Participant: 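Provided herewith is a single structure, encoded as structure tokens, for subsequent inquiry.
These figures come from a predicted structure and were not determined experimentally.
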Amino acid sequence: MTLPFDPDDLDGDDFGEKRATLEMDHEAAIEHVREVCSDVGFGFPVEFSPSEMLNEKVDAGRDPYYVLGACNPAVADRALDATDGRIGSLFPCNMVIEQVEPGTQVVHHVSIMKIARLLGLPSDDEEMDAIVADTGEMVEEVFDRLED
């Protein structure tokens, strides 16, 4: 399969990659990320622990890894319209909390709105540009608050 772009030509800004390191235990980090995201306007229709599932099902021995599936319903509704519904396959916007060592968690996010743009999903480019800007501001605020 040939990609429509060379992944080596991309940097984190192209797909909205954000990272923050939190010096706290895993459960506290999950609650902190949940609280900050909620304050900015995200809800959580989905959340789960891939590490718990993998450790249970295939004895993976993974360190704590948690996914908060964040969503702002008004923006999600706009994005569905701007992509003729195709962006739904990328929903929700995930915030990943990964323990890199006890007491140290990395929060990771990539923008599904920017990824949808890279994949050519929008049918309304102008509206998608506005959505990318709006969600970018929200995520920027989340990561600014996480690092305070």
Side-chain angles (χ1 to χ4, degrees), residues 1-24 26 29-30 32-55 57-58 60-101 104-148:
M1 177 177 153
T2 303
L3 295 174
F5 52 84
D6 183 349
D8 292 333
D9 291 341
L10 300 176
D11 66 21
D13 287 339
D14 293 326
F15 50 90
E17 182 176 39
K18 300 295 256 178
R19 288 183 176 269
T21 301
L22 304 177
E23 300 298 331
M24 59 183 69
H26 191 68
I30 292 168
H32 181 59
V33 173
R34 183 184 287 116
E35 181 179 304
V36 169
C37 286
S38 293
D39 289 348
V40 171
F42 290 106
F44 304 98
V46 176
E47 54 183 279
F48 64 103
S49 173
S51 59
E52 286 181 15
M53 182 209 39
L54 294 170
N55 291 345
K57 301 289 184 184
V58 296
R62 293 202 170 270
D63 289 331
Y65 189 101
Y66 200 82
V67 178
L68 285 172
C71 182
N72 178 287
V75 174
D77 186 51
R78 289 171 52 206
L80 284 168
D81 287 343
T83 62
D84 295 329
R86 297 186 304 158
I87 198 169
S89 60
L90 298 175
F91 282 173
C93 300
N94 291 325
M95 297 285 177
V96 173
I97 301 98
E98 177 181 10
Q99 180 172 285
V100 293
E101 61 184 57
T104 303
Q105 318 304 314
V106 171
V107 182
H108 182 256
H109 169 80
V110 296
S111 169
I112 65 168
M113 303 306 175
K114 284 189 173 188
I115 290 170
R117 164 67 79 209
L118 286 171
L119 296 175
L121 296 183
S123 55
D124 184 337
D125 289 332
E126 188 175 309
E127 177 62 3
M128 198 65 190
D129 288 345
I131 292 166
V132 166
D134 292 346
T135 57
E137 288 174 14
M138 292 174 72
V139 169
E140 191 70 39
E141 186 174 346
V142 166
F143 278 84
D144 286 348
R145 289 185 184 193
L146 287 177
E147 295 174 344
D148 284 344

Participant: Please confirm whether the backbone N or O of Ala79 pairs with a side-chain atom of Thr83, one donor and one acceptor, at under 3.5 Å?
Facilitator: yes
Participant: Hey, could you give me the CZ/NZ distance between Phe15 and Lys114, rounded to the nearest 0.5 Å?
Facilitator: 10.0 Å
Participant: With a 4.5 Å cut-off on side-chain heavy atoms, are Asp81 and Glu127 touching?
Facilitator: no
Participant: Would a distance-only check, ignoring hydrogens and angles, find a side-chain to backbone donor-acceptor pair under 3.5 Å from Ser49 to Tyr65?
Facilitator: yes
Participant: Would a 4.5 Å heavy-atom cut-off, applied to side chains only, mark Met113 and Ile87 as touching?
Facilitator: yes
Participant: For Arg86 and Gly120, which heavy atoms make the closest approach, and how far apart are they?
Facilitator: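 Here Arg86 and Gly120 meet closest at NH2-O, 3.2 Å.
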Participant: Can you tell whether the side chains of Lys18 and Glu140 come within less than 4.0 Å, N to carboxylate O?
Facilitator: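 Yes.
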Participant: So do the side chains of Leu22 and His32 get within less than 4.5 Å of each other, counting heavy atoms only?
Facilitator: yes
Participant: Got a donor-acceptor contact below 3.5 angstrom from the Asp77 side chain to the Pro73 backbone?
Facilitator: no
Participant: Side chain to side chain contact (heavy atoms under 4.5 Å, CB included), that's the test. Do Asn94 and Val46 meet it? Break it down for me.
Facilitator: CA-CA 9 Å; Asn94 291 325; Val46 176; 6.0 Å; no
Participant: Do His109 and Val139 have side chains that get closer than 4.5 Å, going by heavy atoms?
Facilitator: yes
Participant: Work out which heavy atom in Ala116 is nearest to a heavy atom in Met128; give both atom names and the distance.
Facilitator: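 For Ala116 versus Met128, the nearest heavy atoms are CB-CE, 4.0 Å.
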Participant: Determine which pairs satisfy salt bridge (Lys or Arg N to Asp or Glu O under 4.0 Å) with at least one residue from residues 1-14, sequence neighbours left out, and list them in order.
Facilitator: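 Those involving residues 1-14 do not exist here.
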Participant: Show the nearest heavy-atom pair for residues Ala82 and Ile131, with the distance to one decimal.
Facilitator: CB-CD1, 4.0 Å
Participant: Suppose the criterion is side chain to side chain donor-acceptor pair (under 3.5 Å): which pairs have a residue in residues 34-48, not counting sequence neighbours?
Facilitator: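 Those involving residues 34-48 are Glu31-Arg34, Arg34-Glu47, Glu47-Tyr66.
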Participant: Would you say that more than 12 heavy atoms from the other residues, nucleotides or ligands in this model lie under 6.0 Å from the CZ of Arg62, or not?
Facilitator: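 Check fails, neighbour count at 12 or below.
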Participant: Measuring only between side-chain heavy atoms, which start at C-beta, is Val107 closer than 4.5 Å to Val96?
Facilitator: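 The answer is no, as the side chains (C-beta and beyond) never meet within the 4.5 Å cut-off.
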Participant: Is there a side-chain hydrogen bond (donor to acceptor under 3.5 Å, both in side chains) between His26 and Gln99 once you walk through the steps?
Facilitator: CA-CA 6 Å; His26 191 68; Gln99 180 172 285; 4.8 Å; no
Participant: Going through the checks in order, is the side chain to side chain contact (heavy atoms under 4.5 Å, CB included) test met by Val58 and Met53?
Facilitator: CA-CA 8 Å; Val58 296; Met53 182 209 39; over 6 Å; no
Participant: Less than 4.5 Å apart, side chain to side chain, heavy atoms only: is that true for Arg117 and Pro122?
Facilitator: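 Yes; the side chains approach each other to less than 4.5 Å.
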Participant: Taking atom CD of Glu126 as the centre, report whether more than 12 heavy atoms of other residues, nucleotides or ligands fall under 6.0 Å from it.
Facilitator: no
Participant: So if I apply the side chain to side chain contact (heavy atoms under 4.5 Å, CB included) rule between Cys93 and each of Ile112, Thr135, Leu68, which one comes out positive?
Facilitator: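 With Cys93 as partner, side chain to side chain contact (heavy atoms under 4.5 Å, CB included) holds for just one option, Ile112.
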Participant: Any side-chain heavy atom of Pro92 sitting closer than 4.5 Å to one from Phe44?
Facilitator: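 When only atoms from C-beta onward are counted, Phe44 and Pro92 do not touch, as no gap falls below 4.5 Å.
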Participant: Do you know the tightest heavy-atom contact between Asn72 and Phe42?
Facilitator: N-CD2, 3.9 Å
Participant: Does Glu17 have any side chain to side chain donor-acceptor pair (under 3.5 Å) partners at least two apart in sequence or in another chain, and if so, which?
Facilitator: His108
Participant: Work out which heavy atom in Gly88 is nearest to a heavy atom in Leu80; give both atom names and the distance.
Facilitator: N-CD2, 3.9 Å
